[in-house]
Amino acid sequence: MLTNKRILLIIGGGIAAFKSLDLIRRLRDQGASVTPVLTKAAEEFVTPLSTSALAAQKVYRDLFDLTDEAEMGHIELSRAADLVVVAPATADLMAKMAHGHANDLASTLLMATDKRVLIAPAMNVRMWEHPATQRNLAVLRGDGVLVAGPDEGNMACGEYGPGRMSEVPDIIAAIDAALGDGPLKGRHVIVTSGPTHEPIDPVRYIANRSSGAQGAALAAALRDLGARVSFVTGPAKVPPPAGVDVIRVETAAQMAEAVAAAHPAEAAIFAAAVADWRVENASGSKMKKDASGNAPALEFTENPDILAGVAQMAAGRPKLVVGFAAETDDVVANASAKRARKGCDWIVANDVSPETGIMGGPENRIVLITDDGAEEWPRLPKDDVARRLAQRVAEALGAN
Ligand code: C5P
C-alpha cells in the first residue's frame with residue numbers, strides 16, 4: 001500500500017501517456033495522492049481535464065502560470081512529494097534531465113527537486129537504442145535516477161522491441177520499492193561526509209582531498225534500505241544523494257554543531273575527512289603581503305573530535321557509532337587503536353596511500369574493525385562498499 005504517499009507525476013508527450021491516467025487511478029486506489037504535471041506535448045495525448053478529474057487535483061501545466069506561482073511555487077511543488085515519477089519519460093525528457101535543461105515546468109521541477117526521481121521510459125525502439133538515449137540513461141542512473149522498464153513488445157508505431165512503457169502494476173511495484181519498506185524504515189541515521197574547510201582568512205582555507213564519494217554512497221545505500229538519513233556534508237566534490245536531509249557545513253566546528261542538532265539517531269556514521277586543526281589566528285580580512293617579505297605564521301588549534309564526542313556521549317548515544325580511518329601504513333593496527341581511543345563500535349579502515357588511488361577514486365578496499373576483529377573486504381566500487389556496509393548497519397540495529 002502507498003497510504004499517504006505523495007507522488008508528483010510528470011506526464012511526458014508520448015502515446016503511452018494514456019497509461020498514466022490508469023497509473024493515477026491505481027496509485028489513488030492504493031492510498032497515494034497524485035499531483036499531475038503535463039508537458040505541452042503530453043496535452044496532445046491526454047487532456048488536462050481528464051488528468052485532473054482522475055487525480056482529483058489541479059493539473060500543473062505551465063511554468064509561467066502566475067496563478068500557480070501564487071498558489072504554490074515550482075520549487076515548493078518539486079519538493080512537496082515523497083517521490084517524483086516521470087511516466088512516460090520520452091527521449092526528449094530524458095535528454096533534458098540528463099543535460100540539466102529547465103525551460104518548462106516539468107524540466108524545472110526535475111532540476112529543483114530534492115526527492116528521488118523514478119522514470120518509466122517510453123519511446124520507439126530505435127530511439128531507445130540510439131546511443132544518445134543510452135548515454136543519457138547512463139548519466140541519469142549515475143545521478144541516482146531510478147528506472148522502471150521499458151518493456152519489450154509490439155509498439156504503437158508498429159515496430160517491435162524495447163521501448164514500451166512498463167505496465168502500470170510494474171511501475172507501481174517500482175514506486176513501492178523506491179518508497180522503501182526496507183529493514184531501516186523509520187530509523188534515523190546521521191552520516192557525515194566530505195572534507196571540511198578551515199579558513200585562514202575570508203578567501204583562503206585549509207582543506208583535504210576527500211571527494212565525499214564514499215559518504216554520499218553510504219547515505220544513498222542507507223536511504224535505499226528505508227532509513228531517514230541526516231547527511232551532514234562539508235564542501236564535497238560529489239553532490240549529495242536525493243532523498244536524504246542535507247545539512248551543508250564548511251568547518252569542523254559547524255559540522256560538530258550540525259551533528260549535535262541532528263540527534264537523536266540510532267546510528268551515526270562518520271565518513272567525513274574532518275580537519276584535525278583549524279587556524280586559531282585566522283584573519284577577519286584578507287591577509288596581505290608586506291614589504292618585509294615575511295610570511296605570516298599560522299597558529300593551529302585542535303578541532304573538536306566529532307566522532308569521539310558522539311561515541312562517548314553520556315546519554316542518548318546512538319546504538320551504533322561508526323568511524324572511518326584513512327591510513328597510509330599499519331592500517332589494521334592503527335585503526336584498531338583508533339577504535340579503542342575514540343570509543344566507537346566499528347572502524348572502517350582503508351589505505352589511502354597515493355598509489356592505491358582510493359582517495360577521490362571510484363573504488364575502495366576496506367577493513368571493517370568490530371568487536372569480533374578485523375574483516376578484510378575485497379576491493380569494490382564505493383557504491384558496493386556502501387551497500388554492504390548499509391546492510392551490516394541494518395543487521396546491527398536489528399531488522400524492523
Ligand atoms: O582521528 P582521525 O581523523 O584519523 O579519525 C577519523 C575518524 O574520526 C573519521 O570517522 C572522522 O570522520 C572522525 N573525525 C571526527 N572529527 C574530527 C576528526 C575526525 O569526527 N575532528
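Throughout, residue positions are numbered sequentially from 1 according to the sequence presented. All values below come from the heavy atoms of this structure, side chains included, with hydrogens, waters and symmetry mates left out. Counting convention: from 1, in listed order, for ligands and their atoms alike.
Under 3.5 Å, the side chains of Thr196 and Glu198 contain a donor-acceptor pair of N or O atoms. For the residue pair Ser353/Asp351, the side-chain donor-acceptor check at 3.5 Å is satisfied.
At a 4.0 Å heavy-atom cut-off, ligand 1 touches Pro304 through the backbone alone.
The CZ atom of Arg164 lies 14.5 Å from the CE atom of Met123; values are rounded to the nearest 0.5 Å.
Not one N or O of Val274 is nearer than 3.5 Å to an N or O of ligand 1, by distance alone. Note: no N/O pair closer than 3.5 Å links Ala273 and ligand 1 by distance alone. Considering backbone and side-chain atoms together, Gly323 places no N or O closer than 3.5 Å to any N or O of ligand 1. Between Lys338 and ligand 1, a contact under 3.5 Å exists for at least one N or O pair. Residue Val322 has no nitrogen or oxygen atom sitting less than 3.5 Å from a nitrogen or oxygen atom of ligand 1, judged on distance alone. Considering both main-chain and side-chain atoms, Phe324 comes within under 3.5 Å of ligand 1 through a nitrogen or oxygen pair.
Nearest heavy-atom pair across Ser50 and Leu21 is OG-CD1, 4.1 Å.
Within the structure, the closest approach of Lys342 to ligand 1 falls below 4.0 Å when heavy atoms are considered.
Using a 4.0 Å cut-off between charged side-chain N and carboxylate O, Arg388 and Asp384 make no salt bridge. Ionic pairing of Arg26 and Asp29 is not present here: no N-O contact between side-chain nitrogen and carboxylate oxygen is shorter than 4.0 angstrom.
Geometrically, Arg339 does not engage Trp346 in a cation-pi contact defined by less than 6.0 Å to the ring centre and at most 45° from the axis.
Residue Val86 is grouped with residue Met94 when hydrophobic side chains (ILVMFWY) are merged at heavy-atom distances under 4.5 angstrom, including chains of intermediate members.
The aromatic rings of Trp277 and Phe300 lie perpendicular to each other, with more than 60° between the two planes, well past the 30° mark.
For ligand 1, the atoms sitting less than 4.0 Å from at least one non-hydrogen atom of Asp276 are 3 (O), 18 (C), numbered in the order shown with element in parentheses.
Closest protein heavy atom to atom 10 (O) of ligand 1: Phe270 O, 2.6 Å. What sits closest to atom 20 (O) of ligand 1 on the protein, heavy atoms only, is Leu307 N, 2.8 Å. Nearest protein neighbour of atom 16 (N) of ligand 1, counting heavy atoms only, is Ile306 N, 3.0 Å. Distance from atom 12 (O) of ligand 1 to its nearest protein heavy atom, with residue and atom name: Ala272 O, 2.7 Å.
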